[in-house]
Amino acid sequence: MKVFEMKDVKKAFGDLRVLKGISMTVKKGEITSIIGPSGGGKSTLLRCATTLETIDSGAIMIGDQTLVDTKDGKTTYCSKKGLQEIRSKFGLVFQNFNLFPHFSVRRNITESLVHVRKMSRDEADAVCDRLLEKMQLSDKADAYPCNLSGGQQQRVSIARALATNPDILFFDEPTSALDPELTAGVLRVIRDLAQEHMTMVIVTHEMAFARDVSDHVIFMDDGKIVEEGKPSQVIDDPQSVRTKAFLNGF
Amino acid sequence: MEKYISTIKLLSGGFVITLEIFAYTLVFSVILGLLVSKGRMSRNPVIRSLVRIYISVMRGTPLMLQLLLVYYLPYYMFGVKTGNIKIGPYSYDFIATIIAFTVNYAAYFAEIFRSGIQSMPKGQYEAAQILGFSKSQTFFRIILPQVFKRVLPAMTNEIITLVKDTSLSRILSIKEMFFFSSSAAARMSSIMPFIIAGVFYYVFNGIIEITMNRVEKKLDYYQ
């Protein structure tokens with residue numbers, strides 16, 4: 001079952017063409033890693049998929065809903081209500097966490113449950129407690145983000161993204177803003193989620209991690225998918241010259 | 001000694017009016033300032049320009065002149081006799097004072113709020129959007145509380161200035177504290193009433209400073 005699909009997505013900022021026709025599919029329970037050099041369009045792809053940027057042409061489907069489609073050369077986005085529904089189906093973990101600094105860890109996780117999903121406080125607290133335990137942060141429920149390490153903050157933001165029980169979770173370089181010794185905890189959490197067959201799309205520079213955890217690897221450069229396949233193909237035995245050159249840097 | 005006490009009593013009576021001007025202006029101008037800052041950042045270029053002109057005029061002309069303008073405008077422009085206008089216990093003199101102070105201070109507050117709102121990282125909006133918060137929920141729950149913390153020092157400045165500016169309303173014969181201190185000084189041929197008035201302003205501003213420092217400290221729990 002398809003959870004996410006992009007068809008021939010194109011996106012330009014002014015004259016700069018950032019996505020030059022991207023097509024990809026993510027099946028339920030599948031983990032897709034997107035690798036490639038900076039400026040290759042990985043983050044823009046993720047931002048388009050998560051409604052933070054609009055595309056110029058192509059189609060994006062999340063679950064059974066169409067976010068945007070192009071017919072007869074006309075690109076149309078779904079209604080505002082549709083957008084709201086689609087946003088309830090996915091979660092996004094940012095590179096620099098984007099936690100709400102004025103809220104405690106608990107409120108960071110529960111605020112949208114209470115005010116968007118209209119859960120009761122008790123229900124939301126139960127969800128929060130369960131997730132914090134999973135993130136090994138049970139003792140931090142009442143702490144504020146500024147009192148946590150980067151790794152802890154990122155785990156809170158993963159918990160926040162999971163709280164809405166999404167069908168698919170997107171990660172935008174989740175460990176790039178962290179010191180090396182802090183990445184381990186975050187990667188461990190993502191590994192745990194992989195074992196539970198959470199559907200995930202991960203933009204990452206952690207090659208070893210991508211190889212271990214992914215079902216599917218996409219190598220992107222210059223706004224295009226250069227190579228894709230199983231990690232054993234793309235990472236261990238790349239065919240394209242550009243993929244080889246990129247991976248040699250690691 | 002008796003002279004002092006009677007002067008202090010007299011000024012205390014006026015101080016109630018000073019406080020009223022201060023409180024009404026603060027409440028109304030913060031609300032209006034928030035709206036104006038929104039207009040200043042509006043996507044509509046007409047609204048944006050109009051608001052920019054408004055702010056420029058308010059900041060570029062004396063508050064004293066604005067007070068007189070608001071006071072005389074209804075009569076000279078429309079022939080409205082303002083002597084009969086009353087809202088509750090308040091005569092038009094007082095209402096004009098509040099209007100002039102509010103539109104003036106709103107311009108300053110608007111620029112403070114704008115700088116605070118524009119200093120917010122984009123990621124806060126994006127995180128809120130992804131979590132499904134509506135635009136108004138995002139503004140009131142996520143953005144505004146953080147903006148408030150950021151603009152607090154600048155607001156304290158304005159609030160302290162407002163306390164002192166209330167004395168300008170004397171020009172419309174508002175019987176606030178400074179009005180009484182001037183008349184008492186003239187009657188008694190003494191500068192003592194002015195000094196007492198100065199103490200009143202200074203103590204009141206001291207209380208404001210301490211209060212705002214406390215609020216700032218209270219918001220220190222996050223960065």
Side-chain angles (χ1 to χ4, degrees), chain A residues 43 46-47 49-53 62 80-81 83-105 107-119 142-148 153 156-157 159-166 168-170 172 177, chain B residues 30-31 33-34 37-38 41-45 109 112-156 211-223:
Chain A
S43 284
L46 218 59
R47 290 176 61 82
T50 53
T51 74
L52 293 176
E53 297 281 355
I62 295 181
K80 217 173 160 187
K81 195 166 160 271
L83 205 62
Q84 198 67 9
E85 249 172 75
I86 285 173
R87 281 190 185 133
S88 71
K89 288 185 192 291
F90 70 82
L92 170 64
V93 176
F94 295 87
Q95 182 176 346
N96 47 3
F97 333 133
N98 288 335
L99 291 174
F100 304 128
H102 58 310
F103 287 161
S104 65
V105 165
R107 269 192 83 183
N108 262 284
I109 294 169
T110 56
E111 192 76 355
S112 76
L113 299 179
V114 173
H115 295 289
V116 180
R117 310 286 148 112
K118 309 292 174 201
M119 262 188 205
D142 299 318
Y144 285 85
C146 62
N147 299 321
L148 302 180
Q153 290 189 47
V156 172
S157 90
R160 183 174 70 172
L162 284 170
T164 54
N165 200 18
I168 180 167
L169 207 49
F170 294 94
D172 186 8
Chain B
V30 164
I31 295 168
L34 212 50
S37 75
K38 283 280 184 189
M41 295 180 288
S42 163
R43 280 193 203 155
N44 183 329
F109 280 133
I112 292 174
F113 294 148
R114 180 175 68 93
S115 73
I117 291 169
Q118 287 180 339
S119 75
M120 287 297 295
K122 214 169 105 198
Q124 292 290 304
Y125 290 94
E126 292 184 347
Q129 184 184 322
I130 296 282
L131 290 168
F133 288 109
S134 70
K135 280 214 164 114
S136 75
Q137 281 178 325
T138 302
F139 185 70
F140 287 108
R141 289 185 183 280
I142 312 291
I143 303 300
L144 199 57
Q146 296 184 60
V147 166
F148 181 67
K149 176 183 162 110
R150 285 172 192 228
V151 301
L152 214 54
M155 278 188 71
T156 305
T211 311
M212 295 304 266
N213 278 341
R214 283 221 180 127
V215 177
E216 268 184 59
K217 270 240 170 67
K218 232 182 161 173
L219 291 174
D220 256 354
Y221 70 86
Y222 75 89
Q223 270 155 7

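Everything numeric in this text was worked out from a predicted model, so none of it was measured. Just so you know, these numbers use all the heavy atoms, side chains as well, and skip hydrogens, waters and symmetry mates. Below, chains carry the letters A, B, ... as their sequence lines are ordered, and counting in each starts from 1.
In this structure, A:Y144 has its ring center closer than 6.0 angstrom to the ring center of B:Y221.
Comparing A:L83, A:L52, A:L92 by how many heavy-atom pairs each has under 4.5 Å with chain B, the most go to A:L52.
Donor-acceptor pairing under 3.5 Å is lacking for the side chains of B:Q137 and B:R141.
Remark: A:R107 pairs with A:E111 by the salt bridge (charged side-chain N to carboxylate O under 4.0 Å, His left out) rule, at least two apart or across chains. For B:E216, there are no salt bridge (charged side-chain N to carboxylate O under 4.0 Å, His left out) partners at least two apart in sequence or on another chain.
Of the two parts of A:T50, the backbone and the side chain both hold a non-hydrogen atom closer than 4.5 Å to a non-hydrogen atom of chain B. Of the atoms belonging to A:F100, heavy atoms from both backbone and side chain fall under 4.5 Å from chain B. For chain B, the nearby part of A:L99 is the backbone; its heavy atoms alone come within less than 4.5 Å. In this structure, no portion of A:F97 lies under 4.5 Å from any heavy atom of chain B.
Heavy-atom minimum distance, B:G33 versus B:F109: CA-CB, 4.4 Å. The minimum heavy-atom distance between B:N44 and B:S42, with the atom names listed, is N-OG, 2.9 Å.
Sequence neighbours left out, the pairs with a member in residues 117-131 of chain B that pass salt bridge (Lys or Arg N to Asp or Glu O under 4.0 Å) are A:R47-B:E126, B:K122-B:E126.
Without hydrogens or angle criteria, A:D172 side chain to A:Q95 main chain gives no donor-acceptor distance under 3.5 Å.
Contacts between residues 145-156 of chain B and chain A, counted as heavy-atom pairs separated by less than 4.5 Å, involve B:P145, B:Q146.
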